[in-house]
J.: 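Here it is: the structure, laid out below.
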2 protein chains.
Amino acid sequence: MSTGPTAGTHRPADERRAQLLDAAVEVLRERGLAGLTTRAVTTRAGVPHGIFHYAFGSKAALVRALVDRELSGAAAAWGAAVESDDVPTALRQALLAQLDIVRADPERDAYLTELVRVAQDDAGTRPALWEQDRYRAEVEHRLASWSHDAGVVWVAPVAEVASLVLSATDGVVRAWVVDRDDRRAETSVDLLARAVASLARPA
Amino acid sequence: MSTGPTAGTHRPADERRAQLLDAAVEVLRERGLAGLTTRAVTTRAGVPHGIFHYAFGSKAALVRALVDRELSGAAAAWGAAVESDDVPTALRQALLAQLDIVRADPERDAYLTELVRVAQDDAGTRPALWEQDRYRAEVEHRLASWSHDAGVVWVAPVAEVASLVLSATDGVVRAWVVDRDDRRAETSVDLLARAVASLARPA
DNA sequence: GCATGACTTGGTCATCTGGCCAAGATCGAC
DNA sequence: GTCGATCTTGGCCAGATGACCAAGTCATGC
């Protein structure tokens, strides 16, 4: 697949960068962060080592570009296709959707986690925490919407409930990543949805 | 402090190992996993580099020993000093205690996380997942105890509630580690306790 | 005391890493 | 077609790292 019709030599630097970023993702999937060396990337991309320094000035620049590319547009799917007037049910569906995102491609989650970690150390890169804020806002909006439709009110500010939902969901997902126990994760999602839903009471 | 009364030369290998493990922890705290080199450890311990290979056969052996030593006996404090017949209050106290453990020494949590991560890659080391099971059993016991004292029953098997509590708490704690927002974390703990407590109903 | 084995020392080695560069090849504008 | 800019190539470098060892030192049981 690296020998497509336009895969020859003398391609513009932007395409080279994209090519190397693709290769970097593959390397991350296969060998993890420790195996992400400049040589591993260029070898994987099938280009000479020297290309690397020409395309990116340094390894840090690659990591920065990688974080930018991989982490953008990750927030969307929070309750996208959830259809229910029942708060606990809607919650359960939304939480399950979050779990399924990771279950569908656990390795992506793994290397993204590593990527964010190394990016935090590097002072040059933004930890992209604003993504987290977008998440929070999205969840908040959903919670407010559901409670409104169901004619209930939260016993605490929606923002606080949203924070809890976000954190707790993350915890459940991470637990699955560690033990890969589907039943346990689904049960936790179910109980979490019920528990959180109980924070809403008739208006 | 490395020149104590018994800090001279010709100490038994076990003491050398302990000495190097101490130094390794300090290195981890200061420079993280990336800075944990055999030389950094021996320099920190104030011993010649060659000692390392004598004491441990390899760097992997040090990491293994480090995981063993640092990760043992971490489970205890789940609801140790909790005193309340009120389920939500007891829960809140226990959850807060968990949060406080990390808040008291965030760097320990940080390097332990890194350590576990690298240990998982190394096929030779046990991920020490049985610790997680001890946690689970401990939480389960506490939940059962509290509900019994309060004269309520859980709407789901205690094991499932325990799993949720464990996962969700972990999520809240990790969120704090990322944003260091005390108010948010405490609010989440509070809400989580209330939410989970609502999974218990009068017998 | 003294021999044996445990411990120490400081150096060396092969390997790998990120970074760099100078010469050549190629493309595109004119 | 020519010429300058862009891109390619393969090799090189200094530094760091984990591993290793041979010779020396010391403690201790006999």
Side-chain angles (χ1 to χ4, degrees), chain A residues 2-21 23-24 27-28 30-66 114-115 118-119 121-125, chain B residues 2-21 23-24 27-28 30-66 114-115 118-119 121-125:
Chain A
S2 62
T3 54
T6 60
T9 59
H10 268 271
R11 305 175 64 186
D14 279 337
E15 286 188 39
R16 278 292 186 222
R17 275 188 275 271
Q19 184 184 7
L20 289 179
L21 285 176
V27 170
L28 273 177
E30 294 171 10
R31 306 194 215 173
L33 186 62
L36 187 72
T37 68
T38 59
R39 279 165 227 272
V41 171
T42 50
T43 299
R44 179 80 204 198
V47 300
H49 181 219
I51 292 279
F52 188 94
H53 184 259
Y54 177 78
F56 303 93
S58 66
K59 183 182 177 181
L62 170 111
V63 172
R64 240 168 285 151
L66 207 49
E114 283 187 310
L115 215 49
V118 74
D121 294 344
D122 180 12
T125 46
Chain B
S2 61
T3 55
T6 60
T9 58
H10 269 272
R11 306 176 62 184
D14 279 336
E15 287 188 38
R16 278 295 186 218
R17 274 187 277 269
Q19 185 183 8
L20 289 178
L21 286 176
V27 170
L28 272 177
E30 294 171 8
R31 305 193 215 174
L33 184 61
L36 186 72
T37 67
T38 60
R39 280 164 226 271
V41 171
T42 51
T43 299
R44 179 81 204 198
V47 300
H49 182 218
I51 292 278
F52 189 93
H53 184 259
Y54 177 78
F56 303 93
S58 65
K59 183 182 177 182
L62 170 110
V63 172
R64 240 168 284 152
L66 207 49
E114 282 186 311
L115 214 50
V118 74
D121 293 345
D122 181 11
T125 47

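Quick note on labels: first sequence line is chain A, next is B, and so on, each numbered from 1. Please read all numbers here as calculations on a predicted model, not as lab measurements.
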J.: Rounded to the nearest Å, what distance is computed from the CD atom of residue B:Gln19 to the C1' atom of nucleotide C:dT8?
T.: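 About 12 Å, once rounded to whole Å.
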J.: Could you grab the distance from atom CG of B:Leu115 to atom CG of B:Leu36, nearest 0.5 Å is fine?
T.: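 Between B:Leu115 CG and B:Leu36 CG, I get 8.0 Å after rounding to 0.5 Å.
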J.: Nearest 0.5 Å please: distance from the CZ atom of A:Arg11 over to the CD atom of A:Gln19.
T.: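 Reported value, rounded in 0.5 Å steps: 5.0 Å.
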J.: Could you state the atom-to-atom distance from CG of B:Leu20 to P of C:dC7 in whole Å?
T.: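 Going from B:Leu20 (CG) to C:dC7 (P), I get 13 Å.
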J.: Rounded at 0.5 Å granularity, tell me how far CZ in B:Phe52 sits from OG1 in B:Thr37.
T.: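 B:Phe52 CZ to B:Thr37 OG1: 9.0 Å, rounded to 0.5 Å.
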J.: Extract from the structure each pairing of a protein N or O with an N or O of nucleotides 9-19 of chain D at less than 3.5 Å, listing the distance.
T.:
unit_1 : atom_1 : unit_2  : atom_2 : d
D:dG18 : OP1    : B:Lys59 : NZ     : 2.8
D:dG18 : OP2    : B:Thr38 : N      : 2.8
D:dG18 : OP2    : B:Thr38 : OG1    : 3.1
D:dG18 : N7     : B:Arg39 : NH2    : 2.5
D:dG18 : O6     : B:Arg39 : NH2    : 2.4
D:dA19 : OP2    : B:Lys59 : N      : 2.9

J.: Would you say A:Thr43's side chain and A:Ala40's backbone share a donor-acceptor pair under 3.5 angstrom?
T.: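 Side chain of A:Thr43 to backbone of A:Ala40, a donor-acceptor pair under 3.5 Å: no, none is there.
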J.: Not counting sequence neighbours, which residues clear side-chain hydrogen bond (donor to acceptor under 3.5 Å, both in side chains) with B:Thr38? List them please.
T.: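 With neighbours one apart ignored, the set is B:His49.
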